[in-house]
Protein chains: 2
Amino acid sequence: MDVRTMCLGLLVKQEATGYEIKKAITNGHASIFYDASLGAIYPALNRLTEDGLVTCEELSQDKRPDKKVYRITTKGMNTFEMALLQPPTADKFRSDFLAAMFFCGQMPESRLVEILDEREEFHADRLAALKELEQESQSVGETFLTRYAMMYHASNVQFLKENRYLLEADQNEDDNAEAVQ
Amino acid sequence: MDVRTMCLGLLVKQEATGYEIKKAITNGHASIFYDASLGAIYPALNRLTEDGLVTCEELSQDKRPDKKVYRITTKGMNTFEMALLQPPTADKFRSDFLAAMFFCGQMPESRLVEILDEREEFHADRLAALKELEQESQSVGETFLTRYAMMYHASNVQFLKENRYLLEADQNEDDNAEAVQ
DNA sequence: GCTTCCATGTAATAGGTTACATGATTTG
DNA sequence: CAAATCATGTAACCTATTACATGGAAGC
C-alpha cells in the first residue's frame, strides 16, 4: 500500500490536513504496519487532488499557519474500495536486530548481550504503552490492530527470554562451514 | 541493513556467486528479515570489489555459464564487524493485510472472511514448512532465526483464530466518527 | 531561552524493483 | 515441449527519506 492509498483510507474516516494525517499514521494504530514522512504525504495529497479523489479547502487561522483541509470525494471512495479488493501483497519486514542475531558469530558477546537487553526492554515498553491505550480504540479495526500489536510485542518478549541463551551460551563454539547455498 | 552489508555478511560465512547469494537470501533463514533482487545484488558485489572489500574470481564452467566467485577480504571483514557494532535501526514492517483489517469497514464481509482464511492458511503453511527445516540449522544464528520464524507464524495463527470474530461479527454495526487526530 | 508544535512545500539523494538482454541445460 | 535452473548485467523507473526553506506561538 502506497502513501496515496493510505491517505485515502484515513480520509474515508475523517477529513484531515496533511499534518494531521502524519500524526494519525505515526502516533495512531496504523503505525504498527505503516509509516510515512511529510515529504511523502504532501505530494501524495496534491496528486490525489489533481486526480479528483479528494477536495482541498484552504483555511486561514489566526495565530496558526494557514492549513489545507482534505476531504474524500465519491470517486475517491470508489478508488479506495477497489484498492481494498485487490489481493493484499506480501508483508515486507526488515530487521537489523534479526540480521545482527543471524550474524552473531561476528559480534563480541558483550555487544550481543547489550543488543538483546535493549530489544527485550523495547518490546516490554511498547507492550506497557499499548496496555494503557487498549481502551481507547473506537472501531473494530483499531481494536484488532491494538490487540495484534500487543500480541506481537508480548510474544517477542517471551521468545527472547526463552531463546536468548542459544546465542549467549556457546558463542565461540563453532563458526565453520555453514553452506551458503 | 543495505544489500552491500548483507552480501558482506553472507560472504563471511562462505564464498559465493551473486546467484548463490540471491538463493541464500530468498530461500534461506535470512528471508524472514530481508529480501533483495538480483538487480540489486550484482551492482552491490561490483561496488564491494571496487572498494576492496571482496575479491572476485571468474570461472569458466562447461555446460554452465561462466560465473564469478566472490570472497571477503580482511578489509571486508573489518568493515562488516564495524557495521554490526552500529546500533541496529528500527524494524521496518509493512503489511497490506493489517492495512486491510484496519480499513475493514470499507470492505464487504465476504471479502474480509476470504482474506482472513487465506492469511490463516498462509501462516499455517509456513509453520509446517519450518518444522521440517528445523533440524537443518547449522549455526546458532540459524537456529535462533528458525525458531523466531516459527514463533512468529504460530502466534499469528493463534491470534487470528482468537480474534477474527472481532471483525467478522458486528461488521456493519458502526463506522462513525473515529478521530483521525 | 530553548524546544516542540503548528503547517506546507521542494529538491537532492538513496535504495531499491522490474523489465530487458542473452542463452545453454536440465527437469518435469 | 515447456518450464525452471544456472548465470550475469544494465537501464528505466518508482517510491520514499532527509535536508532545506520559512516562521509564529506555546510550553518548559
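Note on naming: letters A, B, ... go to the chains in the order of the sequence lines (proteins, then strands), and numbering restarts at 1 for each one. As a basis for the values below, the full set of heavy atoms in this structure was taken, side chains included, without hydrogen atoms, waters or symmetry mates.
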Closer than 3.5 angstrom, by distance alone: can the side chain of [X] be matched with the main-chain N or O of [Y] as a donor-acceptor pair?
X	Y	value
B:Glu142	B:Gln138	yes
B:Thr73	B:Gly52	yes
B:Arg126	B:His153	no

Inset, instruction - For D:dT8, take OP1 and OP2 only and decide whether either is under 4.0 Å from a side-chain N or O of B:Tyr42. - result: yes
Inset, instruction - Would you tell me if any nitrogen or oxygen in the side chain of B:Lys23 comes within less than 4.0 Å of OP1 or OP2 on D:dC6? - result: yes
Inset, instruction - Can you measure from NZ (A:Lys75) to CG (A:Asp51) and round to the nearest 0.5 angstrom? - result: 6.5 Å
Inset, instruction - Supply the atom-to-atom distance A:His123 NE2 to A:Phe97 CZ, rounded to the nearest 0.5 angstrom. - result: 6.5 Å
Inset, instruction - Establish, from distance only, whether the side-chain atoms of B:Asp2 and B:Thr5 form a donor-acceptor pair under 3.5 Å. - result: yes
Legend entry - Polar side chain donor-acceptor pair, B:Tyr152 to A:Asn156, under 3.5 angstrom: no
Distance in angstrom units between [X] [atom1] and [N] [atom2], rounded:
X	N	atom1	atom2	answer
A:Lys22	C:dC5	NZ	C1'	14 Å
A:Arg47	D:dT15	CZ	C1'	12 Å
B:Asp96	D:dT15	CG	P	13 Å
B:Ile21	D:dT5	CD1	P	19 Å
A:Lys92	C:dG15	NZ	C1'	13 Å
A:Tyr19	D:dG23	OH	P	18 Å
B:Ile41	D:dT10	CD1	C1'	15 Å

Inset, instruction - Cation-pi check, A:Arg94 to B:Phe93: give yes when NZ or CZ is under 6.0 Å from the six-membered ring centre and within 45° of the ring axis, no otherwise. - result: no
Inset, instruction - Taking the six-membered ring of A:Phe102 (Phe, Tyr or Trp), confirm whether the NZ or CZ of B:Lys13 is under 6.0 Å from its centre and within 45° of its axis. - result: yes
Inset, instruction - Could you identify which residues of residues 50-68 of chain A place a heavy atom less than 4.0 Å from some atom of DNA chain D, listed by residue number, or say none? - result: A:Lys63, A:Arg64, A:Pro65
Inset, instruction - Check each residue of residues 25-32 of chain A for a non-hydrogen atom within less than 4.0 Å of any atom in DNA chain C, then write out the ones that pass by number, or none. - result: none
Legend entry - Note, B:Thr17 side chain near B:Lys68 side chain (heavy atom, < 4.5 Å): no
Inset, instruction - Test B:Ser31 against B:Thr26 for side-chain hydrogen bond (donor to acceptor under 3.5 Å, both in side chains), laying out the working first. - result: CA-CA 5 Å; B:Ser31 66; B:Thr26 304; over 6 Å; no
If you restrict it to nitrogen or oxygen atoms, what contacts under 3.5 Å exist between nucleotides 16-20 of chain D and the protein, and what is each distance?
unit_1, atom_1, unit_2, atom_2, d
D:dA16, OP1, A:Val3, N, 3.3
D:dT17, OP2, A:Ser37, N, 3.0
D:dT17, OP2, A:Ser37, OG, 2.7

